[in-house]
Amino acid sequence: MKQTLSIILLCLFHTILGAEEKHCPNVKTIPISTNQGKPFDVSKGLAFLASDELINTFPEILNQFKTNRVSFANGVIPNFGNTAKQYWFCFVLHNDVNHNKRMITFIKYPLLDEVRFYALRESGEINQNIQGRKFPFRNRDKDYRGFSFATELLPSETVTYFVGVKTDSSVSVPLMIAEEKHFDSYESIDTLLQGMFFGIVCVMSLYNLFVYFMVKDIAYLFYVNYLILAAILFQLSLQGLLPVLFFPNSPELVYNVHNFLYFLFLLSCFPMSITFMNLKENAPLLYKGFMGLSIIPMVCLALLPFLPYRPLNQFGDSLSSFLAFYALFVSYYVSFIKKFPPARYYFFGYFMLIVGGLTTVLKYMGFFPVNVFTENAFQAAMALEVLLMAFGLGDRISVVQKEKERIQIKAEINKQKLIAYGKELKLAQKLQESTLPQILPKFPGLSIKTGYFPASLVGGDFYDLTVYGKQQICGLIADVTGHGVPAAIEAAMLKIAYMQTLAFANKPGKVLESINQALAGNYKNQFLTASAIFIDLEQKVLRIANAGHPALYMFNEESKFIDVIRPKGKLIGYSKEGLYPEEVHSIKKGDKLLLFTDGIWDLWENGDSGEEALLDWLLHRKGESVESLYGGIDEHIRLRNKEGPADDDITFILFEIT
């Protein structure tokens with residue numbers, strides 16, 4: 001009996017001695033393969049604690065998790081509102097594959113002043129990094145608007161991570177992990193979407209500035225001022241892009257300018273709202289209320305050097321919530337009680353902004369959870385508001401002109417309206433022309449001719465040619481739904497998406513896939529067709545991908561028939577999950593390529609299929625140069641225009657390997 005008891009005690013003693021100390025208590029170890037290396041929210045295996053005192057050394061961190069009460073995220077992204085406490089988080093990551101993995105730990109929320117990353121390895125080695133809004137941008141392991149920390153995990157190694165955060169803004173900690181290659185892809189798409197948002201706002205700012213110089217209505221100038229301060233500068237700060245793009249080595253400036261831009265944004269709302277709704281005439285009492293409230297952000301701006309960041313930031317959140325509801329009430333009164341139609345655009349625009357803004361504010365205050373909707377609600381709502389306000393300003397001009405009709409001759413008024421409309425169309429034309437190549441790239445061994453003939457003053461087609469490397473050229477041709485100003489705006493969106501895509505996509509299928517991911521859901525049930533090609537003059541190879549677009553025609557002097565090349569692919573905007581397989585074809589000297597939109601078929605249509613007639617025409621003229629072929633197509637366009645205006649835009653690109 002004594003011998004048995006001794007054996008049991010010896011086993012227990014050995015178990016206690018051999019037990020590995022858990023520095024992150026009661027959390028599940030996260031295997032790397034859980035999400036196949038893609039960005040993964042660690043909140044399901046996340047423990048955390050709060051401290052009123054600053055913890056700055058690693059032994060203190062371990063002692064806090066050992067001695068204090070620890071909470072668990074349980075799948076909910078931590079969000080604590082505006083608090084002065086420092087929060088520490090821990091989770092455990094295990095490399096369950098048989099080779100090294102470089103993992104990126106990152107926080108998507110960019111308004112944290114100080115972020116401390118620690119990685120405790122099984123060997124006892126500690127990797128650390130300190131970064132945040134108050135630290136230079138170079139401290140971050142990746143060029144990302146959030147905060148990032150890279151760790152190389154050995155096969156079968158388990159690493160315990162500790163992350164400490166503190167900020168004078170709201171404490172929101174969407175903590176993620178990903179393999180480096182998947183993080184780079186995630187960051188590229190994030191950059192692309194941010195570029196789309198700011199591109200749209202910049203285009204709308206320039207457009208409305210042009211309209212202001214044309215119509216001299218001060219409402220347009222106040223609206224442009226609002227776009228610059230609210231939708232560009234403040235959003236750059238809110239989205240953490242100031243240190244990325246402008247001030248990487250000026251953390252104090254990045255930190256202090258946030259509240260300054262916040263109150264400038266609130267101040268810019270007043271003149272824009274007053275002029276937009278003609279408050280002085282439509283609602284004199286509410287106009288006085290607006291004028292009185294406008295003093296508050298002015299006072300806050302004056303107090304910025306004297307008051308701490310946190311109380312001013314909290315007051316800004318409360319003031320913005322109050323102003324949003326007040327503006328909604330005023331716009332409802334002016335539009336539906338006083339019957340001023342342009343105010344309806346303001347009402348619906350601000351209603352969306354309130355939904356997005358309050359969602360963001362309540363998330364910052366800790367009342368709403370952090371998820372994809374709450375993270376992007378304010379920016380998405382502002383993009384919608386920008387578009388609605390633009391339509392509202394146009395409607396406002398129309399209302400003002402109708403008022404003038406009481407004292408002017410009706411015919412003269414109609415004449416002026418036609419002149420104004422023609423000028424706006426010309427501005428839209430200039431806007432669209434700015435999205436098209438001004439100078440064609442020149443390559444030894446390649447001849448290029450392009451044709452662009454819109455059916456109206458502003459068309460819905462788009463094309464671009466970009467030098468990619470020393471011996472490659474990338475081409476894109478697309479048919480955007482519609483005509484006029486909306487088509488010009490959509491083409492500008494496509495141009496921005498395409499140029500952002502070229503930064504990381506080196507294949508035509510990837511170009512179309514990235515454009516589709518950026519634009520799907522942004523075109524309001526509208527779609528576009530597109531074809532992307534890469535011509536490698538060194539390898540003599542053509543790569544092509546297609547998104548529901550007409551085929552590419554390839555032929556040469558010796559051809560007995562025209563090669564019709566059209567890989568399969570869904571329309572862009574149909575689904576974010578669209579894939580675009582590529583075809584690879586060899587090219588040689590004398591080969592000619594024709595990319596076009598479907599409007600070109602109408603030129604040869606004469607009771608029969610225009611496509612068949614075009615193929616027959618090309619086969620008969622297969623030995624001619626691209627200049628001669630261009631002249632033949634141009635002649636067809638002139639003959640068709642004599643019969644009446646074209647029904648569709650015509651765009652084509654001719655290549656010849658020389």
Side-chain angles (χ1 to χ4, degrees), residues 181 184-185 188 192 435-452 462-478 494-495 497-516 530-547 549-569 579-597 618-619 621-630 651-658:
K181 61 180 180 180
D184 291 341
S185 177
S188 295
L192 180 64
T435 67
L436 301 175
Q438 304 301 310
I439 301 175
L440 296 179
K442 293 183 179 180
F443 270 102
L446 184 67
S447 180
I448 305 172
K449 288 290 288 185
T450 62
Y452 176 73
F462 169 81
Y463 75 93
D464 191 88
L465 295 167
T466 305
V467 175
Y468 200 92
K470 294 182 179 179
Q471 289 291 323
Q472 289 192 78
I473 184 169
C474 173
L476 178 75
I477 190 166
L494 174 59
K495 170 78 171 183
Y498 172 64
M499 296 309 295
Q500 290 288 336
T501 294
L502 287 180
F504 61 88
N506 59 358
K507 293 182 179 180
K510 186 64 177 177
V511 168
L512 294 183
E513 182 181 342
S514 299
I515 290 174
N516 180 60
S531 185
I533 65 169
F534 273 60
I535 299 175
D536 190 326
L537 295 173
E538 183 178 10
Q539 302 293 328
K540 299 295 184 183
V541 166
L542 164 70
R543 301 179 187 276
I544 179 170
N546 191 287
H549 197 75
L552 175 143
Y553 295 160
M554 184 166 71
F555 56 96
N556 57 44
E557 189 175 0
E558 300 173 355
S559 296
K560 294 183 179 179
F561 55 86
I562 306 295
D563 286 331
V564 178
I565 303 172
R566 190 188 186 196
K568 293 182 179 179
L579 295 177
Y580 300 93
E582 299 173 4
E583 289 187 12
V584 181
H585 297 267
S586 298
I587 54 176
K588 61 182 182 297
K589 184 176 180 180
D591 281 348
K592 301 179 186 68
L593 310 173
L594 174 60
L595 270 175
F596 56 91
T597 57
L618 289 172
L619 196 58
R621 303 183 66 163
K622 60 187 179 182
E624 298 182 13
S625 66
V626 292
E627 289 81 2
S628 178
L629 290 171
Y630 176 89
T651 302
F652 62 91
I653 310 174
L654 278 163
F655 301 93
E656 181 178 6
I657 313 301
T658 59

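For reference, positions follow the sequence shown, starting with 1.
Lys449 pairs with exactly one of Leu629, Ile653, Val626 by the side-chain contact (heavy atoms from CB on, under 4.5 Å) rule, that one being Val626. Considering Leu436, Thr597, Leu476 as possible partners of Tyr463, the one that fulfils the side-chain contact (heavy atoms from CB on, under 4.5 Å) test is Leu436. When each of Phe655, Tyr553, Tyr630 is paired with Phe596, the ring pair (Phe, Tyr, Trp, His ring centres under 6.0 Å) condition holds for Tyr553 and for no other.
Within a 6.0 Å sphere centred on NZ of Lys507, heavy atoms belonging to other residues, nucleotides or ligands number 12 at most.
Summarising the geometry of Pro567 relative to Pro581, their closest heavy-atom pair is CB-O, 3.7 Å, with the distance given to 0.1 Å. Heavy-atom minimum distance, Leu465 versus Gly475: CD2-CA, 3.9 Å. The nearest pair of heavy atoms linking Asn546 to Tyr580 is O-CD2, 3.4 Å. The minimum heavy-atom distance linking Asp464 with Pro437 is given by the pair CA-CG, 3.8 Å. Taking both residues in full, the closest heavy atoms of Ile473 and Pro441 are given as CD1-CG, 3.5 Å, listed atom of the first, atom of the second, then distance.
Rounding to the nearest 0.5 Å gives a distance of 11.0 Å between NZ of Lys592 and OG1 of Thr658. For the atom pair Ile515 CD1 and Lys495 NZ, the distance stands at 11.0 Å (nearest 0.5 Å). The CE atom of Met554 sits 6.5 Å away from the CG atom of Leu593 when rounded to the nearest 0.5 Å. Note that the CG atom of Leu552 and the CZ atom of Arg566 stand 12.0 Å from one another [nearest 0.5 Å]. Summarising the geometry, atom CG belonging to Leu594 is positioned 9.0 Å from atom CD1 belonging to Ile562; distances are rounded to the nearest 0.5 Å. Interatomic distance, CD1 of Ile448 versus OG1 of Thr450, reported as 8.5 Å (0.5 Å rounding).
Taking the side chain as every heavy atom from C-beta outward, Cys474 and Tyr498 approach each other to under 4.5 Å. Between Phe443 and Val467, the closest side-chain pair of non-hydrogen atoms falls below 4.5 Å. Put simply, the side chain of Glu627 reaches to within 4.5 Å of the side chain of Ser447, judged on heavy atoms. Counting heavy atoms from C-beta outward, Arg543 and Asp536 have side chains that stay 4.5 Å or more apart. Using a 4.5 Å heavy-atom threshold, the side chains of Ile533 and Pro508 count as separate.
One N or O on the side chain of Ser559 and one on the backbone of Asn556 form a donor-acceptor pair closer than 3.5 Å.
Remark: Asp184 engages Lys142 in a salt bridge (charged side-chain N to carboxylate O under 4.0 Å, His left out) (not counting sequence neighbours).
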All N/O donor-acceptor pairs, side-chain side in residues 583-590, below 3.5 Å, sequence neighbours left out:
| from | atom 1 | to | atom 2 | distance (Å) |
| --- | --- | --- | --- | --- |
| Glu583 | OE1 | His585 | NE2 | 3.0 |

(request) Check step by step if side-chain contact (heavy atoms from CB on, under 4.5 Å) holds for Leu595 and Phe652. (result) CA-CA 5 Å; Leu595 270 175; Phe652 62 91; over 6 Å; no

